[in-house]
Colleague: 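Before I ask anything, let me first share the structure, which is written out below as structure tokens.
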Amino acid sequence: MTYESGPPRLPSRPMVRDPRTVPGRQPAETITPPAGLITPGTVSGETAQKLAELPARSGLIRRLGLPTNPDPVFDGIATRMAADAGFLYGMVNLFLDKQTFIGLCNPPQGSGHPIVGRTMDLRHGWCPEVVQRKKALPLHNVHAAPRFSSNPVVDAIGIQSYFGAPLIHADSGITLGTVCIVDPEPRLLQDARRLRDIVTAAGAEVMTVITDRTPAS
């Protein structure tokens, strides 16, 4: 797994709405990928819908005036969240063309633990699962279920516990990203509720900050 520095590029192509391409949705709610993003017939309806969410999410992030670079306010939230849970890593994560950590808590330099960068592939980690399910994901031990045990993050930084919650924009229903904490030590099942509540509360704090920053229309 490769972590990269520098801000991601927001897709510049416009959204195209076409009620014919996503069965089961009303025309006003249908969002399809820009022309050329996918070839018709090559992906499933579910995959096409996921691809369609990227330009919608990116457009909303622009309208909200959210940063795509490291932000001290979100760094602070990530740090407090990790400290409250006793975890080494904390992230406030926007889903753009990559997972983008606008808030990040790393272990101290010289601790012997890996220092992660500000971006990660959209397929890696467990935050993609949180974005898809639109609710918190508590994994006190990622190896307790085979579905979650096989992940590049496990090999790259030896993560064994993960707790994440979605960042859902109330007016649109669009999931902007996640907040999460990860650690190389598994946690007790009895502590899972407390840890889940920590990330859920941090997610609510992030959305409050976003709402307060939103430019007046």
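Note that the numbering runs from 1 along the sequence shown for the chain. Keep in mind it's a predicted model, so treat the numbers as computed, not measured.
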Colleague: Walk me through it: do E205 and V179 pass the test side chain to side chain contact (heavy atoms under 4.5 Å, CB included)?
Modeller: CA-CA 10 Å; E205 182 181 359; V179 293; over 6 Å; no

Colleague: State whether the number of non-hydrogen atoms from other residues, nucleotides or ligands found under 6.0 Å of R133 atom CZ is greater than 12.
Modeller: yes

Colleague: Do any N or O atoms from the side chain of N106 and from the backbone of V116 form a donor-acceptor pair under 3.5 angstrom?
Modeller: yes

Colleague: Side chains of S149 and H143: donor-acceptor distance under 3.5 Å anywhere?
Modeller: yes

Colleague: Checking side-chain contact (heavy atoms from CB on, under 4.5 Å) against I102, which of N69, L94, V206 comes through?
Modeller: L94

Colleague: Between N151 (side chain only) and V154 (backbone N and O only), is there a donor and an acceptor less than 3.5 Å apart?
Modeller: no

Colleague: So, does K134 use its side chain to make a donor-acceptor pair with the main chain of L167 at under 3.5 Å?
Modeller: no

Colleague: Do R187's NZ or CZ and the ring of F163 fall within the cation-pi criteria of under 6.0 Å and 45°?
Modeller: no

Colleague: Using modelled atom types only, decide if a donor and an acceptor are shared between the side chain of R118 and the backbone of T100 within a distance under 3.5 Å.
Modeller: no

Colleague: Give a yes or no on whether the backbone of P186 and the side-chain of N141 come within a donor-acceptor separation of less than 3.5 Å.
Modeller: no

Colleague: Is there a donor-acceptor pair under 3.5 Å between the side chain of T200 and the backbone N or O of R196?
Modeller: yes

Colleague: Is there a continuous path of hydrophobic side-chain contacts, each under 4.5 Å between heavy atoms, that joins I61 to V209?
Modeller: yes

Colleague: Can you label the angle between the W126 ring and the Y162 ring as parallel, tilted or perpendicular, going by 30° and 60°?
Modeller: tilted

Colleague: Quick one: does Q99's side chain have a donor or acceptor within less than 3.5 Å of a partner on H124's backbone?
Modeller: yes

Colleague: Please determine whether residues I210 and V199 belong to a single hydrophobic cluster, defined as Ile, Leu, Val, Met, Phe, Trp and Tyr linked transitively by side-chain heavy-atom distances below 4.5 Å.
Modeller: yes

Colleague: Any salt bridge between D191 and R194, counting N to O under 4.0 Å?
Modeller: yes

Colleague: Given the rule in the side chain to side chain contact (heavy atoms under 4.5 Å, CB included) test, do C105 and F87 qualify, once you have shown the distances and angles that lead to the verdict?
Modeller: CA-CA 9 Å; C105 173; F87 275 50; over 6 Å; no

Colleague: Check for me, please, whether V130 and V153 land in the same ILVMFWY cluster - side-chain distances under 4.5 Å, paths through other members count.
Modeller: yes

Colleague: Quick one: does any side-chain atom of T79 pair with a main-chain N or O of D75 as donor and acceptor, under 3.5 Å?
Modeller: yes

Colleague: Mark yes or no for whether S172, through its side chain, and I174, through its backbone, hold a donor-acceptor pair below 3.5 Å.
Modeller: yes

